[in-house]
Protein chains: 2
Amino acid sequence: MSGDVSEEPKPRRRQARGERRIAQLLQAAARVFCASGYTATSTNAIAREASVSPGTLYQYFPNKEAIAIELGERLLNEMREAHGQAFTPENLALPLPEMLDVVVDPLIAFNCENPVFLALMHGSEVPGRIAEEHDALHAGLLASVQEVIGHYAPGLSAADRARIANMTFAIFKGGLGLVLAAPEGPERDATVAELKAVLLRYLCPLAGTPVTTPPPR
Amino acid sequence: MSGDVSEEPKPRRRQARGERRIAQLLQAAARVFCASGYTATSTNAIAREASVSPGTLYQYFPNKEAIAIELGERLLNEMREAHGQAFTPENLALPLPEMLDVVVDPLIAFNCENPVFLALMHGSEVPGRIAEEHDALHAGLLASVQEVIGHYAPGLSAADRARIANMTFAIFKGGLGLVLAAPEGPERDATVAELKAVLLRYLCPLAGTPVTTPPPR
DNA sequence: GGCAAACACGAGTGATCACTCGCGTTTTTC
DNA sequence: GAAAAACGCGAGTGATCACTCGTGTTTGCC
């Protein structure tokens, strides 16, 4: 009612120590979420993983959901920052194989370094707020993919373009799981290459280009 | 110790009513697992969905895990029965597009009719026993896919064949999610067709056949 | 140095969940 | 038709979990 405290109910001043604790707690939460999933993870387990008391955890987060939300938001920002430049106009003009490299590689790298991301964004067990964020991200990426597809195949109907973009994204998600499951090293690299081959062969006909890739290996 | 009760600790005689209750409980469990996931589903919620008291539920299942296991086992049997004939030698000799129809369609149909299957087999939240079953199923399907691939491209190394089979399966799983998300009807059919197109274009080069499919639509 | 605010703790609290128990009802068996 | 066995119930029980609170410690500021 009084116009002063408009929308900061918590004008809490954080000390450097507090910021460190938050980062430490989020790291611990990432590990535990990753290992057990959101629902099966207890807040006490997160606190224990962070070598901190439950009370300390609740000094920085109002509830369990808020931990996942903050973690998700930070990952989302990090991802947008690291990957935002992939869908630039100049990259959009690249020939298909190179464009695949430019778009796929950073996405793969991000998910390899942050396996929590998939765990949080994937399960139907996550609270509503995270699901919303995920939907927004998904819609954004899908729009980008549609734009690219529209650039390579201008004659497509909107429905066809949407379906192809969805399928492209689904293939990527499926392949991403495989890549993460593969042991780091040459095997993972080969899996990534295979995934790109799939996408290339699927999308090549759109551009009217015949498939010129030889059988793998 | 006494040699008589060798390995039936429960020589329980079931009446017809009991069998009906079990089926009813499993159906209810399927709906609730599907909606909320395994961990977030309470046994009381299953009983309520089945219009039955919690005590009645525990007359037929020793614990929550057993419900998921029984459900998973029944689905697995149903699936093997309905789909076991897909990988027959005569189907294996079919040209690629027809063989894709024969293998993909029943798998899609099964998952459309039993969406719980994916929900149970997918989450890392499920208890160990289901995960084992899933691994076994996965390994079996993968072996079948490898066999098919070996038939189409005999010259491949074992590692390459394994990688391609894995990728094929991953593509299918990703596409399956899309298909289930699409509203039943022409849109779903189009998505299925698109998924087959992906697989066809990916696997065609293995057979040395050039891709002859025109751009979709 | 002294005061206030932020930080840290961990036993405690209420809610929820998986699961049990005692008792009443229906079905099978002889 | 009566004993036995299977079925059905729902309040109750112990464990676990998300979250709190009272108290003590550290940090920033004058």
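Everything numeric here is computed off the predicted structure, so don't read it as measured data. Letters go in sequence order (proteins before strands), and every chain restarts at 1.
Between A:Arg14 and C:dC7, a side-chain N or O to OP1/OP2 separation shorter than 4.0 Å is present. Look at B:Tyr58 and you won't find any side-chain N or O under 4.0 angstrom from OP1 or OP2 of C:dT20. Distances shown here put a side-chain N or O of B:Arg21 below 4.0 Å from the OP1 or OP2 atom of D:dG8. The side chain of B:Arg20 contributes no N or O atom lying less than 4.0 Å from OP1 or OP2 of D:dC7. Between C:dC7 and A:Thr56, no contact under 4.0 Å exists linking OP1 or OP2 to a side-chain N or O. The shortest distance between the side-chain N/O atoms of B:Thr43 and the OP1/OP2 oxygens of C:dA18 is below 4.0 Å.
For A:Asn44, whose side chain is taken as the heavy atoms from C-beta onward, the closest listed nucleotide among C:dC19, D:dA18, D:dC9 is D:dA18. When the nucleotides C:dA8, C:dT27, C:dT28 are ranked by their closest atom to the side chain of A:Gln59, C:dA8 comes out on top. Looking at the side chain of A:Pro54, the nearest of the listed nucleotides C:dC17, C:dT29, D:dC19 is D:dC19. When distances run from any side-chain atom of A:Lys64 to the nucleotides C:dC17, D:dG8, D:dC19, the shortest one goes to D:dC19. In the set C:dA6, D:dA6, D:dG10, the nucleotide with an atom closest to the side chain of A:Arg17 is C:dA6. When distances are taken from the side chain of B:Gln15 to each of D:dT26, C:dG10, D:dA6, the shortest belongs to D:dA6. Comparing D:dG8, D:dA6, C:dC19 by their nearest atom to the side chain of B:Asn63 picks out C:dC19.
B:Tyr60 comes within 4.0 angstrom of the backbone, heavy atoms only, and of no base. As judged by a 4.0 angstrom heavy-atom cut-off over every strand, A:Thr39 is placed among residues making no nucleic acid contact.
The pair B:Arg74-B:Glu78 does not meet the salt-bridge criterion, since no charged nitrogen lies less than 4.0 angstrom from a carboxylate oxygen. A salt bridge links B:Arg31 to B:Glu49: one of the charged nitrogens lies within less than 4.0 Å of a carboxylate oxygen.
Each of A:Val198, A:Ile108, A:Val179 was evaluated against A:Phe172; a single residue qualifies, A:Ile108, per the side-chain contact (heavy atoms from CB on, under 4.5 Å) test.
Summarising the geometry of A:Glu125 relative to A:Tyr38, their closest heavy-atom pair is OE1-N, 3.1 Å, with the distance given to 0.1 Å. Between B:Phe117 and B:Asn111, the shortest heavy-atom distance links the atoms CD2-OD1, 3.5 Å.
Nearest-nucleotide positions on DNA chain D place B:Ala16 closer to the 5' end than the other of B:Ala16 and B:Gly55.
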